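Model, not experiment: these values are computed from the prediction. Every chain is numbered from 1, with letters handed out A, B, ... down the list of sequences.
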Number of protein chains: 2
Amino acid sequence: MKLSEGVEQGLHCALLLAEAPAGVPLPRRVLAEHYGLPEAYLAKHLQALTRAGLLRATPGPSGGFRLARPADEITVLDVLEAIDGPASPFVCQEIRQQGTGAARPEECTRPCAIATVMVGAHQAWRESLRAVTLDQLVKRVPQTLRKRNRAKFGSDPAA
Amino acid sequence: MKLSEGVEQGLHCALLLAEAPAGVPLPRRVLAEHYGLPEAYLAKHLQALTRAGLLRATPGPSGGFRLARPADEITVLDVLEAIDGPASPFVCQEIRQQGTGAARPEECTRPCAIATVMVGAHQAWRESLRAVTLDQLVKRVPQTLRKRNRAKFGSDPAA
DNA sequence: GGGTCGTAGATACTGTATATCCACGTTAGA
DNA sequence: TCTAACGTGGATATACAGTATCTACGACCC
């Protein structure tokens with residue numbers, strides 16, 4: 001069981017967008033270079049985040065990506081499921097109904113006990129990720145680094 | 001992110017061994033046919049469970065696999081990690097230290113906030129699986145099915 | 001006591017999904 | 001109208017789940 005690396009990249013980019021002054025779109029090239037990520041691959045995940053309604057993309061010169069919602073309304077789970085999909089890592093194959101020892105239909109009125117346990121674990125995992133917002137993550141970034149990033153992207157004409 | 005199907009197969013086999021009368025080893029061929037599973041593939045997972053000390057394998061005719069411990073001392077997490085490995089699905093690539101916006105070493109004394117959240121989620125997932133034993137799962141198998149399985153494998157000479 | 005069968009164990013191969021890259025089309029600003 | 005940005009689709013390489021085959025060992029039977 002392995003989580004896509006795109007999830008980590010997407011999370012870092014979303015976090016950076018949450019750090020940057022609001023309203024200033026960052027081009028994907030800037031995002032990719034900032035973290036040394038493959039730009040073409042990152043593009044695919046930024047698209048996924050945009051389709052999920054987490055980011056807003058604007059084309060053309062001085063375009064780029066920015067958060068579509070306030071950072072305290074975007075959870076880590078939102079970002080993860082936008083990129084990796086909402087599917088559970090465990091999908092019950094209904095093994096109990098196969099082979100010579102197959103359970104009869106009337107014995108399968110309740111879901112398979114194993115599947116039930118796995119679903120519960122997945123819910124616990126999701127709840128843990130849903131409890132953290134991008135805003136909370138920003139607060140855990142070292143202040144010196146945060147200040148540096150704000151300065152780097154703070155060419156905000158409104159300022 | 002996808003969990004290996006071997007995990008589900010291993011869990012069902014371990015559950016069946018917990019249902020069967022203690023001390024009667026079941027050959028992997030019987031296990032495979034009972035659930036309609038590919039025997040060669042199942043062999044790999046039964047080996048993993050044996051290496052992890054959850055099952056005990058005995059070669060030769062009238063050999064097979066049986067639980068190495070009482071069913072209430074084997075958790076779902078034990079079986080899962082024996083087959084799928086104990087590694088977390090998320091492995092931090094230290095993206096924060098790469099690219100033009102790399103964090104300085106003195107800013108990385110604490111682990112990456114994103115990694116911390118992911119580790120927490122993984123722990124929640126593991127705790128949820130650790131809380132369930134094979135014994136508890138057996139109790140959730142329909143009685144008619146349990147009785148049928150006991151009769152099928154109950155050619156226990158000591159009985 | 002030696003042969004034979006049935007068991008687990010180890011090894012090599014294949015298929016599929018992920019990760020990566022490239023080329024083309026579309027949109028908006030200067 | 002030219003440039004710089006996003007959007008889409010497809011081609012390629014690699015890692016891992018899944019498969020098949022072969023070897024070694026132990027109990028049973030003659």
My understanding is that only residues two or more places apart in sequence, or in another chain, count here; which of them pass ring-ring contact (aromatic ring centres under 6.0 Å, His included) with A:Phe90?
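Result, ring-ring contact (aromatic ring centres under 6.0 Å, His included) vs A:Phe90: none returned.
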
Can you tell me the distance, in whole Å, between the [atom1] atom of [X] and the [atom2] atom of [N]?
X       : N      : atom1 : atom2 : answer
A:Met1  : C:dA17 : CE    : P     : 18 Å
B:Leu26 : C:dA8  : CG    : C1'   : 15 Å
B:Lys2  : C:dG15 : NZ    : C1'   : 12 Å
A:Ile83 : C:dA19 : CD1   : P     : 11 Å

Is any side-chain heavy atom of B:Leu3 less than 4.5 Å from a side-chain heavy atom of B:Leu80?
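Answer yes - side chains close enough.
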
A:Lys152 versus A:Leu16: any side-chain heavy-atom pair under 4.5 Å?
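In short, these two side chains do not touch, never coming nearer than 4.5 Å.
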
Would the distance check show the side chain of [X] and the main-chain N or O of [Y] forming a donor-acceptor pair, the cut-off being under 3.5 Å?
X        : Y        : value
B:Arg146 : B:Val138 : yes
A:Ser4   : A:Asp84  : no
A:Glu127 : A:Ala124 : no

So does B:Ser4 get a side-chain nitrogen or oxygen closer than 4.0 Å to the phosphate oxygens (OP1/OP2) of D:dG18?
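True: B:Ser4 side-chain N/O within range (under 4.0 Å) of D:dG18 OP1/OP2.
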
Using 30° and 60° as the class boundaries, would you call the ring planes of B:Trp125 and B:His122 parallel, tilted or perpendicular?
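Parallel.
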
Mark up nucleotides 25-30 of chain D, 5' to 3', with B wherever a protein heavy atom is under 4.0 angstrom from a base atom, S wherever such an atom reaches only the sugar-phosphate, and - elsewhere.
-BB---

With heavy atoms under 4.0 Å as the rule, sort B:Ala57 into base, sugar-phosphate or nothing.
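Result for B:Ala57 = sugar-phosphate.
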
Scan A:Gly6 against the nucleic acid and name what it touches under 4.0 Å (heavy atoms): base, sugar-phosphate only, or nothing.
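A:Gly6: no heavy atom of the nucleic acid under 4.0 Å.
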
Between B:Leu129 and A:Met1, is there shared hydrophobic-cluster membership here, with clusters defined by ILVMFWY side-chain heavy atoms closer than 4.5 Å?
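Yes: a chain of side-chain contacts under 4.5 Å links B:Leu129 to A:Met1.
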
Does CD in B:Glu106 sit with more than 12 non-hydrogen atoms of other residues, nucleotides or ligands closer than 6.0 Å?
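Yes, because the 6.0 Å sphere around CD of B:Glu106 holds more than 12 heavy atoms from other groups.
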
Scan the side chains in residues 56-69 of chain B for donor-acceptor partners under 3.5 Å anywhere in the protein, sequence neighbours excluded, and list what turns up.
unit_1  : atom_1 : unit_2  : atom_2 : d
B:Thr58 : OG1    : B:Gly64 : N      : 3.3
B:Thr58 : OG1    : B:Gly64 : O      : 3.4
B:Arg69 : NE     : B:Glu73 : O      : 3.1
B:Arg69 : NH2    : B:Glu73 : O      : 3.0

What are the residues of residues 41-55 of chain B, sorted by number, that bring a heavy atom to within less than 4.0 Å of DNA chain D?
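By residue number: B:Tyr41, B:Lys44.
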
May I ask you to list the residues of residues 28-38 of chain A, by number, that have any heavy atom positioned under 4.0 Å from an atom of DNA chain D?
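Contacts with DNA chain D under 4.0 Å: A:Arg28.
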
What pairs meet the salt bridge (Lys or Arg N to Asp or Glu O under 4.0 Å) rule with one or both residues in residues 88-97 of chain A, with sequence neighbours excluded?
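Checked against salt bridge (Lys or Arg N to Asp or Glu O under 4.0 Å) - neighbours excluded - the pairs reaching residues 88-97 of chain A are A:Glu94-A:Arg96.
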
Where each residue is assigned the nucleotide of DNA chain C containing its nearest heavy atom, which of A:Ala40 and B:Gly63 is assigned the position nearer the 5′ end?
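Nearest nucleotide further toward 5': that of B:Gly63.
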
